[in-house]
Amino acid sequence: MEIREVAVVGLGTMGAGIAEVFARAGIGVVAIEVDAAALGHGLGILEGSLAKAVSRGKLTDAQQAEIWGRIRPAASFSDAARVDLAIEVVPERMEIKRQIFGELDRVCSPEAILATNTSSLSVTAIAAASKHPGRVIGMHFFNPAPVMRLVEVVSTVLSGSALPGQVADLARRLGKTPVQVSDRAGFVANALLLPYLNHAVKLLEAGYASREDIDTAATDGIGLPMGPLALLDLIGLDTALSILQVLQAEFGGPRYTPAPLLRRLADAGRTGRKAGCGLYDYASGARDDGDKAGNEAASSSPSTVTLIGSGRAAEAEFASEVAAAGINVTRNPAHPSDLIVIVAGPDEQVLSAAIATGRPHEAVGLHMAAPGLAEVVSTYMTDPPYAAAAAALAERLGKKTVHTPDRPGFLVGALLYPHLGDAVRMVQDGYASVADVDTAMTLGCGYPQGPFQLLDKAGPAAVLDRLRGMQAGYGDPAFAPPPLLAEHAATGIGFTG
Ligand code: 3HC
């Protein structure tokens, strides 16, 4: 069946993005919003996105007009009478979805495909409410829909046998990569993404690190396109909360228990970018990043540094960078200096080395988490001005910095290793294959490398050690390494090879 015209029901951020994707692929779109103000707002999102593409030279004026001409705004379901596919993109409430599928059943031709973009509800339960459950399918896009290449095609036990293939073909025609997934909580990408995002909010709420540092750790330490807190604001805190609740009901356990801060912000209507504020403020049009830059600039780089380390290559490299910047280096803590820097490895703790210097209040750890990112590690004895001086030193050497307490994994590891553990657990429990997980996260969430590629790069044995360290340090079962990881570590065989 050729898809010539579709209906998109609900023109919020995702609905407008999905409508744009169809129209750009040459498919006519009936854009249905029963509320006039919401329709106007959604069309405004679409118009803005097309105008931006023109201003960036990605579309000509003529192409923009052609795409815009394919979109037919509508305030009533009866306009969907002749469409070949209708997709609902409305808030995640089952009663609203059921009502919409009732309307679509009534007006659409019996051959039309009925799709849901739900990210958290059971597609089977939505299908069961339709008069023709065989034609109901999940077609799950990722935000921003015009950019992210993944579409999860969610079939149910009720789906007609040809339907998943038809929808996968359609996704390819839209320039997307379809991945067939079964109707399980979170499908593949959200089941892995959401516990990681939730953990980031818990770190923020516990005062482990600042909002900006948590996001910088993910972008500059792991290489992800966005930090978890900025991503939560993009997804919507209300949507994230719904997905976590479904995951928690299905799997249980602390990784899925929504962070109280996430719940409170969602309840307060601070749902992210769409509301103008969430974990960050967007009132001025741009993101408010606090006054981090100003704080760091206030502290000047030291002129004499005592360097302590365990003789590894990172330490020698750091020592030569410090010397090359014209800063005096001493190795003896008994000699006077402005600051003691303990060059820490990823598994080391800083406190005992700091105490051994006899000047623990002046001692700060530096862990080179990535070539351009230094983690500034404060023990509970570090005086804050010394941490600021260590950050100023690292910045003088051209590195970005994030502040972290002296806890297992520091900040980058605290975000990354449990996420990799979750990925292994999904494969171990038969939830998804290694390839599906890596495809979902690279194409759905813009990861430059999938979690298993990242894991193999670090080495299964190293990831196992870090998780064991975190589990022992926190006593939290959420960090327990999955047995499959231990097996790969024992054999030395990677996951992707
Ligand atoms: N609409 C349309 N196009 C957009 C866009 C939007 N909202 N935002 C960005 N773009 C386009 C830009 O126009 C630009 O296009 P061009 O390369 O053709 O000029 C391109 O995307 C890159 O944009 P920018 O240069 O402005 O910004 P970045 O390079 O920082 O990329 C990003 C922005 C694509 C959002 C990137 O940060 C990213 O991939 N982030 C991860 C997003 C993610 O994880 N999404 C999935 C969330 S989970 C989900 O949606 C599932 C749901 O169920 C919860």
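Start at 1 and go down the list; that is how both ligands and their atoms are numbered.
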Sub-4.0 Å protein heavy atom near [atom]:
{"atom": "atom 52 (C) of ligand 1", "result": "yes"}
{"atom": "atom 16 (P) of ligand 1", "result": "yes"}
{"atom": "atom 13 (O) of ligand 1", "result": "yes"}
{"atom": "atom 27 (O) of ligand 1", "result": "no"}
{"atom": "atom 20 (C) of ligand 1", "result": "no"}
{"atom": "atom 2 (C) of ligand 1", "result": "yes"}
{"atom": "atom 30 (O) of ligand 1", "result": "no"}

Per-atom contacts of ligand 1 with [X], taking only distances under 4.0 Å to non-hydrogen atoms:
{"X": "S119", "value": "53 (O)"}
{"X": "L193", "value": "48 (S)"}
{"X": "H140", "value": "51 (C), 52 (C), 53 (O)"}
{"X": "S49", "value": "1 (N), 2 (C)"}
{"X": "P225", "value": "36 (C), 37 (O), 38 (C), 39 (O), 40 (N), 41 (C)"}

Review point. H199 and Y256: aromatic ring centres closer than 6.0 Å?
Key: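 Between H199 and Y256, the centre distance exceeds or equals 6.0 Å.
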Check your understanding: Are F251 and Y431 close enough that their ring centres sit under 6.0 Å apart?
Key ->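 Under 6.0 Å, so yes.
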Review point. Is there a heavy atom in G17 that sits closer than 4.0 Å to ligand 1?
Key: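 Distance cut 4.0 Å: G17 fails for ligand 1.
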Exercise for review: Please state whether E20 comes within less than 4.0 angstrom of ligand 1, counting heavy atoms only.
Suggested key: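 False for this residue.
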How far is [atom] from its nearest protein heavy atom, and which residue and atom is that?
{"atom": "atom 11 (C) of ligand 1", "result": "V147 CG2, 3.5 Å"}
{"atom": "atom 43 (C) of ligand 1", "result": "L231 CD1, 3.5 Å"}
{"atom": "atom 44 (O) of ligand 1", "result": "C445 CA, 3.3 Å"}

**Study point:** ligand 1 contact on P146 by region, counting heavy-atom pairs under 4.0 Å
**Key:**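 Near ligand 1, P146 shows its side chain, while the N, CA, C and O stay back.
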Review point. Between L224 and ligand 1, which residue portion shows a heavy-atom distance shorter than 4.0 Å: side chain, backbone, both, or neither?
Key: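 Neither; nothing of L224 gets under 4.0 Å from ligand 1.
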Closest to [atom] (judged by heavy-atom distance), picking from [options]:
{"atom": "atom 47 (C) of ligand 1", "options": "L194, L150, I235, I243", "value": "I235"}
{"atom": "atom 39 (O) of ligand 1", "options": "R56, M148, M226", "value": "M148"}
{"atom": "atom 7 (N) of ligand 1", "options": "G48, P144, A145, A240", "value": "P144"}

Check your understanding: Any side-chain heavy atom of T116 within less than 4.5 Å of one from I100?
Key ->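 Not touching, per the 4.5 Å side-chain cut-off.
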Exercise for review: Go through T442 and Q449 one step at a time and tell me if the side-chain hydrogen bond (donor to acceptor under 3.5 Å, both in side chains) criterion holds.
Suggested key: CA-CA 6 Å; T442 49; Q449 292 181 300; over 6 Å; no
Check your understanding: Counting heavy atoms not belonging to R184, are there more than 12 under 6.0 Å from its CZ?
Key ->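 Yes.
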Point to revise | Other residues, nucleotides, ligands: >12 heavy atoms within 6.0 Å of H41 NE2 | key: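 Counting neighbours around NE2 of H41, 12 or fewer heavy atoms of other residues, nucleotides or ligands fall under 6.0 Å, so no.
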Exercise for review: Applying salt bridge (charged side-chain N to carboxylate O under 4.0 Å, His left out), run through E205 and R264 and close with a yes or a no.
Suggested key: CA-CA 11 Å; E205 194 165 19; R264 278 200 304 276; 3.2 Å; yes
Exercise for review: Please test E88 against K97 for salt bridge (charged side-chain N to carboxylate O under 4.0 Å, His left out), starting from the C-alpha separation and ending with a verdict.
Suggested key: CA-CA 8 Å; E88 69 75 16; K97 308 256 185 201; 3.1 Å; yes
Exercise for review: Check V246, L241, L247 against I243 for a side chain to side chain contact (heavy atoms under 4.5 Å, CB included) and give me the one that passes.
Suggested key: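 Among V246, L241, L247, the one that satisfies the side chain to side chain contact (heavy atoms under 4.5 Å, CB included) with I243 is L247.
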Review point. Do any nitrogen or oxygen atoms of N143 come within less than 3.5 Å of a nitrogen or oxygen of ligand 1?
Key: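 Yes: some nitrogen or oxygen of N143 is under 3.5 Å from one in ligand 1.
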Review point. Do the ring planes of H488 and F495 sit parallel (below 30°), tilted (30 to 60°) or perpendicular (above 60°)?
Key: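 Geometry flag for F495 against H488: parallel rings.
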Exercise for review: Measure the acute angle between the ring planes of F141 and F22, then classify it against the limits of 30° and 60° as parallel, tilted or perpendicular.
Suggested key: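 Correct class here is perpendicular.
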Point to revise | Stepwise side chain to side chain contact (heavy atoms under 4.5 Å, CB included) test for V402 and E212 | key: CA-CA 8 Å; V402 292; E212 290 77 9; over 6 Å; no
Review point. Is there a donor-acceptor contact under 3.5 Å from the side chain of K274 to the main chain of G236?
Key: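 Flag not set: sc K274 to bb G236 has no pair under 3.5 Å.
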**Study point:** Sidechain N-carboxylate O distance under 4.0 Å for E95, R98
**Key:**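 Here E95 does not pair with R98 in a salt bridge, since their nearest N and O are not under 4.0 Å apart.
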